[in-house]
Amino acid sequence: MKLYMFQCGILKTKKHLITMGRGIGQPFDVPVPFFLIKHPRGNVLFDTGNALAVVNNKAKHWGTVVESYDPVMTKDDYVVAQLAKVGVKPEEITHVIFSHLHLDHAGGTGEFSNAIHYVQRTEMQYAYMPDFFQAGAYIRADFDKPHLNWHLLEGYQDDCYDVLGDGKLQIVFTPGHSPGHQSLLVKLEKWGPTLLTGDSVYTEEILEEDVLPGLVYSPPDAVKSIKKMRDLRRVNGVRIITGHDPIAWAKFNLAPACYE
Ligand SMILES: [Zn+2]
């Protein structure tokens, strides 16, 4: 099993939108990660980055969100172009797992017609009818694709969902940032167990200190999910890959390099 890391450009934002109450107004550029796991039983994508439409007309596709989170990407950063770098065609993707359906995670939805698409039911429902403070983060044109093969997961009832039947890829329910947020535990042989956290923990500052993410649906759930990750690290030695940390992210080798 191999883990590949990709970056779909950056978001130009402000520090306080990443760490609540800290760095008010400070410019802060964050990466937009997504991941591929090559496993003998399939090619599994975790998140899909920004939509291709962002390249040429971000204000039209994302609306006023660009005033807070300004995406900078080229067409070569798009998920399909990036997968080509490691020789994977869209039709060869067997599973797409969405941490959640925010615009920088669900932009490539619809490119992988042979795949089963895993998302939490609560996330899918909320994406259609979000509260005002999350409305800008869900672009219906990205995820409203009912013809796809969707597998809706049921929160804690499906916690540690075993994706491929061998225990090596497990979906861990980590709500808080959004109602149906989930993370992916990848049990790599050499690098060790690794948790891809989506947006449930943006940065190492949030992982290590008691600070909330700048955008959060439920603070109590977010705090419990972060505690769950700390426990996984302490008890099981799980490596935590944060979601939008420019410093931590720069230490990883992006594809075509991989981790085994
Ligand atoms: Zn998000």
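Fair warning: this is a prediction, and the values are worked out from it, not measured in the lab. Start at 1 and go down the list; that is how both ligands and their atoms are numbered.
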Ring-ring centroid check H102 F143, cutoff 6.0 Å: no

Heteroatom of H102 nearest to the Zn ion (ligand 1) (N, O or S, atom name): ND1

The Zn ion (ligand 1) - name of the N/O/S atom of D199 that sits closest to it: OD2

H177: its N/O/S atom lying closest to the Zn ion (ligand 1) (atom name): NE2

Test item: side-chain donor near acceptor, E123 and Y138, under 3.5 Å: yes

Linked, directly or transitively: L185 and M1 (ILVMFWY side chains, under 4.5 Å): no

Option among V172, D231, T194, L195 that satisfies the side chain to side chain contact (heavy atoms under 4.5 Å, CB included) test with V238: L195

The Zn ion (ligand 1) - name of the N/O/S atom of H100 that sits closest to it: NE2

